[in-house]
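See structure below.
Just so we're on the same page: letters track the sequence lines, and every chain starts at 1. What you see below is based on every heavy atom in this structure, not just the backbone, and it leaves out hydrogens, waters and symmetry mates.
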Amino acid sequence: MDDIHPQSKTLTVRLGFYKVGDMQFISHLDLQRFMKRAFVRSGLPIWFSEGFNPHPKMVFSTPLSIGIQSECEFADTKMTAPVTPAQVVDALNPCMPDTLQLFYAAPPVHKMTDIGYASYDIRITHPQSSPEMASAMDALFSSPLILTKKSKAGDRDTDITPLIRSASTVYDPADNTMTLHCVLCADNANFLNPEYLMRGAARDLGLTFDDPASAWYECIRRDLFLCDGTTPFL
Amino acid sequence: MNVGQLLKSVSKPGRYTGGEWGQTVKNKADVRCRVAFCFPDTYEIGMSNLGIRLLYGALNREPDVWCERCFAPWTDMEAQMRRHSIPLWALESGDPISQFDIVAFTLGYELAYSNVLYMLDLAKIPLTSAARGEDAPIVIGGGCCTYNPEPIADFFDLFSIGEGEEALVELSRLYIEMKERGTYTREAFLHAAARLDGFYVPSFYTVSYNEDGTIRGVAKKYEDIPDRITKRIVQDLDTAYFPKETFMPYIDTVQDRIMLEVYRGCPRGCRFCQAGMVYRPIREKSPEVLAAQAKCLYEATGYEEISLSSLSISDYTRLPALTEELLAWTDDARVSLALPSLRADTFTKELMERISSVRTSTLTFAPEAGTQRLRDVINKNVTEEEILNACRVAFEAGKNQVKLYFMIGHPTEVNEDLDGIFALSEHVIHEFYVNKRHDKQIGKPNKGGVQVTLSVAAFVPKPHTAFQWEKQDALSTTLEKQRYLREIITDRKVRYNYHDAQVGRIECVFARGDRRLCAALLEAHRRGVHFDAWEEFFSYETWLEVFDAVGVDPDFYTTRGFGLDEILPWDIIDCGVDKEFLRRERAKAYETKTTRNCMEACAGCGADKLGGEQTWCNRVLCKHKKEG
Ligand code: SF4
């Protein structure tokens, strides 16, 4: 509904921020509410929608599941008066916790829909980690891997490997962990949640669990890329 | 295994992370008294509590006191904690609360009692005061349930009676002082605390019983502690502590907005209402102070809504001035005002226009009884005409949903009173259609159908009210009345909701219980009872088994009624309102005579002895003297 208002007076700013530590447990909706109030506290000339329930406009980039950290999140918002990127960062960062801080603010370069890939580091702390397990994992992600995706339309079996651009696992003997570095499809139509990879690994690599509910890996999103898989999104 | 790793295994991990905006973190080296403020229910409910925000801020204003928060973990987290032997921790520091100096529970409803034991158990703190050693935290209770603290007396070392923002600061100062002087022992501390105003140490009082189970008397352990504990009040709310900033939950909670307490107490005097008695005398805040505090909190938080919260907001004498002050900046800042507790008799068009930003299409009123006769008995001084007037104003403004609160089981209730509930709903619906016809004539658009929602609770005779001696209806009677209502409500535009009668009965037992109920709570805990306030966990059968096992007869506290001359379990607490006044009010109820509210005339309830600034007691003093 915002389009009916004159846009000329407003200025779109793209915010780049990280969402790490405990902030990984905050959902998209909760984040939006928090950032909205942070905008108010910051005193920035933030643009509000008209009408019954005025709110700042915020458009977020690629979805991020609860429990995944990120060093590379973006959101677009609008200002009613010109502000410099430095002003935005300086005003907003003190209004947010250490685990949610801007690293960037500038007019958008790309369209949100230009995003093609996201890279992740997944650190696996399962006690069965080993160099052999690391190779087995690489092999698993390079041959067809069929997973059942649940959706409203019903369950669907799909091979997720076409959505994996690259995946490689390194074993670290120092703390008996493995780290999977992967670049996964993240465009609108083909978004691959890194949790699927872990679901496949848990199923096919013979990992055993005392308590199925307990956490055995940590995941962090490192970068967002355009469709070529190499140009950083900005 | 640490807390962080558990978070991925549970629902709503945001309940357990801490780190909210506005929380207080201190350097442990500077702190000499650590307080864990515990709320015996979920994070979402606890974080919505205004009292916690006030007390948290008031305590943390002391440089050497650090108050943190702690809520009841949901059952999935409980399973993880037990599995990995992780004791209950406080959100800010992540430290186990068993290491704290003071563990304070706020007690707002009786069904949360089982969660107090649940949390103590998860914290690995001995459940009873008697079992706690010198190094265990001092466990304190406060909040409206402590106007009858007896059913939970064994589990608490200390109760703070009345308003806590000054009392708890005083208590923590006493604690620090005794620790520093080396005079601290558990017993010495409790003894010193018992001599401060408004603190009750249950273990210093021994209750004896008559053959028939009623109370024979209470013996004190020390001469220099009070016979009755008079509640604490804050004298002047204008100068009392109010937070300049506050913690803000990341996750969705029940109330996540600025809550502005406009006044304390209630001038109305409904005879069933405990809040209306125990928060007296009525003390107002000045509009300028309120407006400044709201602005300050807005700037610190960025909240988009301010809720004016008091027992019946339209009774605030300076509401126009307050809304004026607030609206002067809230509209521009896109902040909305909410007035949640309106009374039908003061709900005017003018007020409606002021709060045009009220978002919902529903208006809520509480007639509490279906006929004028019964409304007179309970002293709910609102007439049907006033209710219909209020609805008309609402309908004219385009609203089409009305929610009406009732209670069944009031003393003297007969079937006509139940019929009256439905009749009143029908009159409200009629009012809507009259209005709609009128709108049509003047060419206003059709606004669709009307919906009246009835929310019908079962009466619980609460301590410190005129009805404190009354019987509660037997369970079968309540069920029969609920069935009767279901049958007579034939209009599909009326939605009928009623509370679980079994819950009401257990609530009644614990609201009116004595110390013998402590055994029942321990037994219930042993059987795994917790989250009783949650429908999915509440089990009436378990409670009956528990009462049976420990030899408690629930009828003794519910359908028996209490004798007018009987020593009541809560007589040890003086909330300011005299027992004599309550007796008079009870007698008037049976004569169907109403009592004027404090704004019209002082009824001589006795609460004026507590003092207070900007009170009705001061304004109506001359009348009081005349009547007295
Ligand atoms: S003393 Fe009088 S005016 Fe004051 S609260 Fe009691 S009844 Fe009301």
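- The number of heavy-atom neighbours closer than 6.0 Å to CG of D98(A), taken from other residues, nucleotides and ligands shown, is 12 or below.
- The minimum heavy-atom distance linking R33(A) with D256(B) is given by the pair NE-OD2, 4.1 Å.
- Going from atom CD of E245(B) over to atom CZ of R41(A) covers 10.5 Å, rounded to the nearest 0.5 Å.
- A 4.5 Å side-chain heavy-atom check between E304(B) and V40(A) finds every atom pair outside the cut-off.
- Contact of A300(B) with chain A is made through the backbone alone, with heavy-atom distances under 4.5 Å.
- Contacts from residues 21-28 of chain A to chain B, taken as heavy-atom pairs separated by less than 4.5 Å, involve D22(A), M23(A), Q24(A), F25(A), I26(A) in sequence order.
- Of all the heavy atoms in S9(B) and A215(A), the pair that sits closest is OG-N, 3.9 Å.
- Residue contact with chain B, scored on non-hydrogen atoms closer than 4.5 Å, is absent for L31(A).
- Here the side chains of K8(B) and E218(A) are in contact, with some heavy-atom distance below 4.5 Å.
- For D76(B), no part lies near chain A; criterion is any non-hydrogen pair under 4.5 Å.
- Atom OG1 of T253(B) sits about 9.5 Å away from atom CG of D30(A), to the nearest 0.5 Å.
- Checked against side chain to side chain contact (heavy atoms under 4.5 Å, CB included), E132(A) has the following partners two or more places apart in sequence or in another chain: S130(A).
- Atom NZ of K244(B) is surrounded by 12 or fewer heavy atoms from other residues, nucleotides or ligands within 6.0 Å.
- Taking non-hydrogen atoms and a 4.5 Å limit, the residue list of residues 66-73 of chain B in contact with chain A is empty.
- For F247(B), the ring pair (Phe, Tyr, Trp, His ring centres under 6.0 Å) criterion is met by Y56(B), not counting sequence neighbours.
- Considering only heavy atoms from C-beta on, W21(B) stays 4.5 Å or farther from R37(A) through its side chain.
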